[in-house]
Amino acid sequence: MSTTAVAPLTIQDAEALVTAAHRAAEAAGVTVSVTVLDAGGHLLAFRRDDRAVLISGETSTRKAYTALQLDAPTADLVDAVQPGGLFHTLPTALDRPLLFIAGGVPVHRDGRLIGAIGVGGGAPEQDHGFASAAVTALS
């Protein structure tokens, strides 16, 4: 079986994601924190606007981690943690709790997961839009 190597998410990619998400947030008048993780869950880039709520940093990181672990936008997973949902008990079963609030988006290259971005600080739907815009800009 032959596999083709896919370039990993680089520091430059991560910084471009952070910049794109911040620009989208600034254009909307929202202050946010942005976290970018590589495929192994390692922090590649982080930025918290001085005016953003302090907890937005942890929120953006947990959103990115959730999107990475489940390879899905967190906006698509919100119903899964409701009682009777697929992941109802999952958030408490892990060492690092997942965060099922819109704003985390996986990053793919050539169809393979290479990392994730999380945005926190705005309304969940806004955060999702900022993260999605950044991923689209990277493509």
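All of these numbers come straight from a predicted model, not from anything done at the bench.
The backbone N or O of Phe46 sits nowhere less than 3.5 Å from a side-chain atom of Thr35 that would complete a donor-acceptor pair. Remark: the backbone N or O of Ala123 is paired with a side-chain donor or acceptor of Gln126 at under 3.5 angstrom. A donor-acceptor pair is defined here as one N or O able to donate and one able to accept, closer than 3.5 Å; such a pair exists between the side chain of Asp127 and the backbone of Gly122. Of the possible polar contacts, one joining the Thr74 side chain to the Ile101 backbone as a donor-acceptor pair under 3.5 Å is found.
In this structure, the separation between CG on Leu9 and CG on Leu44 is 5.5 Å, given to the nearest 0.5 Å. Considering NE2 of His42 and CG of Leu68, their distance stands at 10.5 Å, rounded to 0.5 Å.
Closest non-hydrogen pair, Arg48 versus Ser33, comes out as CG-OG, 2.8 Å. When all heavy atoms of Phe130 and Ala24 are compared, the closest pair comes out as CE2-O, 3.6 Å. Shortest non-hydrogen contact noted between Ala67 and Gly104 is CB-C, 3.5 Å. Here the shortest heavy-atom pairing between Ile117 and Ala21 reads CD1-CB, 4.1 Å. Between Val36 and Val18 the shortest heavy-atom distance is CG2-CG2, 3.8 Å. Across all non-hydrogen atoms, the minimal contact from Ala20 to Ala137 is CB-CB, 4.2 Å.
Side-chain contact between Val107 and Leu113: absent, with no pair of heavy atoms (C-beta onward) separated by less than 4.5 Å. Contact of the Val105 side chain with the His128 side chain is registered, since non-hydrogen atoms from C-beta on lie closer than 4.5 Å. Within the 4.5 Å cutoff, the side chain of Asp71 has heavy atoms near those of the His108 side chain. Using a 4.5 Å heavy-atom threshold, the side chains of Ser132 and Pro73 count as separate. Under the 4.5 Å side-chain criterion, counting only non-hydrogen atoms from C-beta, Val119 is not in contact with Thr59.
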Discussion item. The test is side-chain contact (heavy atoms from CB on, under 4.5 Å); show your working for Val34 and Leu17 and say whether it passes.
Written reply: CA-CA 9 Å; Val34 181; Leu17 286 164; 6.0 Å; no

Item to complete: Apply the test side-chain contact (heavy atoms from CB on, under 4.5 Å) to residues His22 and Val32: give CA-CA distance (whole Å), side-chain angles for both, the deciding distance (0.1 Å), then the verdict.
Response: CA-CA 7 Å; His22 261 275; Val32 296; 4.1 Å; yes

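Every residue two or more places apart in sequence or in another chain was checked for a salt bridge (Lys or Arg N to Asp or Glu O under 4.0 Å) with Arg23, and none qualifies. The salt bridge (Lys or Arg N to Asp or Glu O under 4.0 Å) search around Asp13 returns Arg109, not counting sequence neighbours. Taking the side-chain hydrogen bond (donor to acceptor under 3.5 Å, both in side chains) definition, one finds that Asp76 meets it with nothing, sequence neighbours left out.
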